[in-house]
S.K.: 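Below you'll find the structure I mean.
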Number of protein chains: 4
Amino acid sequence: MVRYKKSEERRKQILFAAFKALSDYGFETVTLQIIADNAQLSKGVVHYYFDNKEAILVELLEWLTLKIYLKERAATQEQDTALGKLESFLNSVFISPEENRSFYRVYLDFLARANRVLAYREINQRFYDNCASISTEIVLLGQQERIFAEHLSPESTAPIIRAIIDGCLIQWLMSDRDELHAVFKKSCYDAIIHLLMK
Amino acid sequence: MVRYKKSEERRKQILFAAFKALSDYGFETVTLQIIADNAQLSKGVVHYYFDNKEAILVELLEWLTLKIYLKERAATQEQDTALGKLESFLNSVFISPEENRSFYRVYLDFLARANRVLAYREINQRFYDNCASISTEIVLLGQQERIFAEHLSPESTAPIIRAIIDGCLIQWLMSDRDELHAVFKKSCYDAIIHLLMK
Amino acid sequence: MVRYKKSEERRKQILFAAFKALSDYGFETVTLQIIADNAQLSKGVVHYYFDNKEAILVELLEWLTLKIYLKERAATQEQDTALGKLESFLNSVFISPEENRSFYRVYLDFLARANRVLAYREINQRFYDNCASISTEIVLLGQQERIFAEHLSPESTAPIIRAIIDGCLIQWLMSDRDELHAVFKKSCYDAIIHLLMK
Amino acid sequence: MVRYKKSEERRKQILFAAFKALSDYGFETVTLQIIADNAQLSKGVVHYYFDNKEAILVELLEWLTLKIYLKERAATQEQDTALGKLESFLNSVFISPEENRSFYRVYLDFLARANRVLAYREINQRFYDNCASISTEIVLLGQQERIFAEHLSPESTAPIIRAIIDGCLIQWLMSDRDELHAVFKKSCYDAIIHLLMK
DNA sequence: GATGAATGAGGTTTCATTCAT
DNA sequence: TATGAATGAAACCTCATTCAT
């Protein structure tokens with residue numbers, strides 16, 4: 001139905017505006033007015049599509065984490081070898097200072113609040129699980145290819161990979177220096193490789 | 001203009017109350033009233049000791065990160081060997097579900113805001129540098145003891161160690177399951193050992 | 001960013017309520033709540049139309065002084081002779097105990113603050129200049145009619161006329177006696193006439 | 001008794017500090033802390049000597065207006081002729097930009113509040129009466145000397161003189177230009193002379 | 001007498017949410 | 001659907017005043 005599609009577009013439009021607003025202003029400072037302004041809509045219409053501010057944020061986190069996961073997944077599937085997949089995966093993660101900054105700014109805000117909001121934790125857990133499935137797949141393939149250490153349990157290695165990635169990107173973000181993006185990317189890649197290789 | 005010397009104990013009392021309040025409620029929800037209630041003081045007295053809410057938060061971050069660093073440092077100095085120091089260091093980091101939760105909840109809040117507040121970034125950078133000095137020292141000692149890989153640059157290894165620690169603790173925090181604390185601790189330890197050992 | 005065009009009538013309504021509130025309570029005592037109550041509006045709506053309390057006051061002074069000036073000007077233009085204009089002018093100035101009291105109460109508050117607030121001083125200066133133009137015109141006409149002393153400089157006489165008017169009305173206001181309004185009016189008129197006539 | 005004298009000195013010290021504070025900050029902005037700081041005393045001691053803030057202000061107005069009156073009176077008594085007295089009187093009124101500014105700033109604040117506070121009005125009325133007695137005396141003397149117009153009623157002329165003085169000084173204050181002090185002084189003098197002389 | 005820490009009422013301001021149009 | 005005016009709860013902050021020391 002047309003109405004449904006239009007409606008869905010409006011929601012996406014608002015979500016994207018919310019993403020931009022959050023990235024620019026942060027959780028504490030952002031207001032529905034700013035989101036509405038970003039979406040070039042009135043404040044009222046935002047409430048028409050979402051019950052309240054929280055509903056926007058929940059849906060935004062869902063939308064955002066799914067998008068990131070799908071990107072990473074697609075990047076991995078472009079390659080056939082374990083090393084190729086790993087590299088492609090990390091390339092899609094460390095995509096650019098601009099994109100990493102805007103995503104991680106918002107993502108950090110969500111993580112900070114996830115401690116108190118169950119809905120966020122659940123969404124984030126799904127995100128973790130999805131990402132873990134990618135890593136797990138790569139590790140398994142690498143072991144089949146006999147280039148990754150056999151003693152590694154793919155399931156318990158995935159969180160470590162995630163940890164190194166998140167930890168590096170957070171440190172990079174805190175450094176506020178774009179030129180270090182490549183440095184952290186390489187460090188991250190080397191560490192993961194070192195961890196996996198025989 | 002006469003400005004009175006404020007009692008240091010009161011400041012500490014308020015900072016600790018702020019820490020507890022932040023851990024319980026989060027940045028967004030916490031109010032000066034809650035902080036004052038936690039400190040069993042009136043709202044006014046909080047403003048008597050701190051110019052404004054922001055000043056409390058800045059000083060809290062400073063106090064908190066310094067305290068953590070000193071703890072980690074003290075733990076490391078209790079041991080003489082690289083492996084002993086590393087283990088002691090990680091024990092002081094993964095101290096207990098309760099302490100890790102309360103600290104990381106607040107710390108995540110700070111990281112989230114550090115993107116927009118220079119003061120927080122600067123304090124955090126100092127914290128990073130301090131922590132890095134501990135890791136660097138351990139790596140160097142391990143190399144002297146001929147048990148850690150020589151090809152590792154101590155300076156560029158430190159951030160990876162930090163990344164694994166932070167990344168693991170964040171994932172643990174998001175899991176909201178105390179029983180996983182030990183699991184993440186072990187994974188973290190194993191990964192770091194694997195990274196460092198010959 | 002979409003900024004909505006605020007209804008002019010509402011602004012006027014709030015300004016008038018602010019005028020009444022100021023006249024009743026004075027600068028120090030008046031609150032936004034009182035202004036809102038006077039306007040029969042909620043506190044929030046006042047902030048919807050004005051950025052802050054100061055903005056209301058600035059606009060109020062501007063509105064008030066312009067209104068007074070236009071009244072005086074209109075009164076003067078009703079007459080053709082110098083004496084007629086002067087009388088009409090003073091009639092519009094000494095209009096009634098009620099109106100003079102409410103205006104001068106507020107005006108005195110503004111003058112008191114104008115010492116520290118440039119914006120007020122500027123608005124008041126414009127008011128002075130406008131009022132001076134009226135007096136100057138009357139003096140010039142009177143000189144052309146050969147009934148006012150030629151040696152008077154119209155430009156330097158205007159401030160003296162203003163001084164006598166303000167000085168008299170302040171003294172009347174301080175007396176807190178409505179029945180003296182007519183007395184001060186006559187004294188003021190006589191003094192100005194004495195000053196101007198040959 | 002020593003205690004009484006010490007006590008009186010403290011009160012004066014506080015009053016003078018309050019005068020300076022009011023002149024610098026204005027009624028709205030001034031706080032007891034600022035007054036105490038100006039007096040180089042603690043906040044507590046101010047409350048020891050005065051019941052509350054209002055009591056300070058009332059006594060300040062009383063002290064200030066009396067001081068001004070005595071000054072004007074003394075200046076007048078230095079001369080013997082009507083014109084000499086008038087000139088001396090006006091010299092003591094238009095004393096200097098600095099002194100006039102600090103006094104009129106505070107005085108305007110008091111006038112503004114006098115509308116609502118009976119105590120201020122009463123003190124001010126006494127000040128008016130005192131000042132009027134000076135003017136009345138000068139006018140009477142001038143009439144005896146046959147240089148002032150006989151038809152003037154000394155009692156009703158005094159308020160006009162006061163009006164011209166206050167009106168001029170307020171306009172000068174609002175101009176915020178020290179160099180106009182002499183100009184307004186001369187205008188004021190000329191107008192009064194013109195009003196009084198035959 | 002003197003201090004300054006502590007209180008708490010009350011002010012300005014922000015903003016999610018509602019609702020008439 | 002869409003708007004934006006209106007509401008009111010709740011935040012931060014100020015400051016006169018009190019009172020233990």
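Note that these values count all heavy atoms, side chains included, but never hydrogens, waters or copies made by symmetry. First the proteins, then the strands, lettered A, B, ... as listed; each starts at 1.
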S.K.: C:Q33 has an atom CD; how far is it from atom P of F:dA10, in whole Å?
M.R.: 15 Å
S.K.: Ignoring hydrogens and angles, answer whether the base of E:dT17 and the side-chain atoms of A:K43 contain a donor-acceptor pair closer than 3.5 Å.
M.R.: yes
S.K.: Rounded to the nearest Å, what distance is computed from the CD1 atom of residue C:I35 to the C1' atom of nucleotide E:dG11?
M.R.: 12 Å
S.K.: Considering only side-chain heavy atoms of D:V45, which listed nucleotide, F:dA2, F:dC13, E:dT3, is closest?
M.R.: E:dT3
S.K.: Is the phosphate of F:dA6, meaning OP1 or OP2, less than 4.0 Å from a side-chain N or O of C:R10?
M.R.: yes
S.K.: Among E:dT7, F:dA6, E:dA16, which nucleotide sits nearest the side chain of A:H47?
M.R.: E:dA16
S.K.: Any strand is fair game: report the nucleotide pairing with E:dA20 by Watson-Crick or G-U wobble, both distances under 3.5 Å, or none.
M.R.: F:dT3
S.K.: When we call it a touch if two heavy atoms are under 4.0 Å apart, what does C:V46 touch: a base, just sugar-phosphate, or nothing?
M.R.: nothing
S.K.: Starting from the 5' end of DNA chain E, give me the residue, B:Q40 or A:D51, whose nearest nucleotide shows up first.
M.R.: B:Q40
S.K.: So which one's nearest nucleotide on DNA chain F is more toward 5', D:T29 or B:T31?
M.R.: B:T31
S.K.: Roughly, in whole Å, what's the span from CG in A:L57 to C1' in E:dA16?
M.R.: 12 Å
S.K.: Given A:F110, which of A:F103, A:F127, A:F27, A:Y104 fulfils the ring pair (Phe, Tyr, Trp, His ring centres under 6.0 Å) condition?
M.R.: A:F27
S.K.: Quick check on C:K53: does its NZ atom have over 12 non-hydrogen neighbours (other residues, nucleotides or ligands) under 6.0 Å away?
M.R.: yes
S.K.: Taking only Lys NZ, Arg NE, NH1 and NH2, and the carboxylate oxygens of Asp or Glu, determine whether C:E28 and D:R116 approach each other closer than 4.0 Å.
M.R.: no
S.K.: Can you tell me the distance, in whole Å, between the CD1 atom of C:I56 and the C1' atom of E:dG11?
M.R.: 13 Å
S.K.: Nearest-nucleotide wise, let me know which of C:K53 and B:S42 is further upstream toward the 5' end of DNA chain E.
M.R.: B:S42
S.K.: Could you check how far CD1 of B:I14 sits from P of E:dA5, rounded to whole Å?
M.R.: 11 Å
S.K.: Tell me the interatomic distance from C:E28, atom CD, to E:dT12, atom P, rounded to whole angstroms.
M.R.: 12 Å
S.K.: Sub-3.5 Å donor-acceptor pair from the side chain of C:R101 to the main-chain atoms of C:L173, do we have one?
M.R.: no
S.K.: Check whether more than 12 heavy atoms from other residues, nucleotides or ligands sit under 6.0 Å from atom CD of C:E98, and answer yes or no.
M.R.: yes
S.K.: What is the distance from OH of D:Y49 to P of F:dA16, rounded to the nearest Å?
M.R.: 20 Å
S.K.: By nearest atom, which of the nucleotides E:dA6, F:dA11, F:dA5 is closest to the C:Y48 side chain?
M.R.: F:dA5
S.K.: Among the candidates F:dT17, E:dT17, F:dA5, find the nucleotide nearest to the side-chain atoms of D:L32.
M.R.: F:dT17
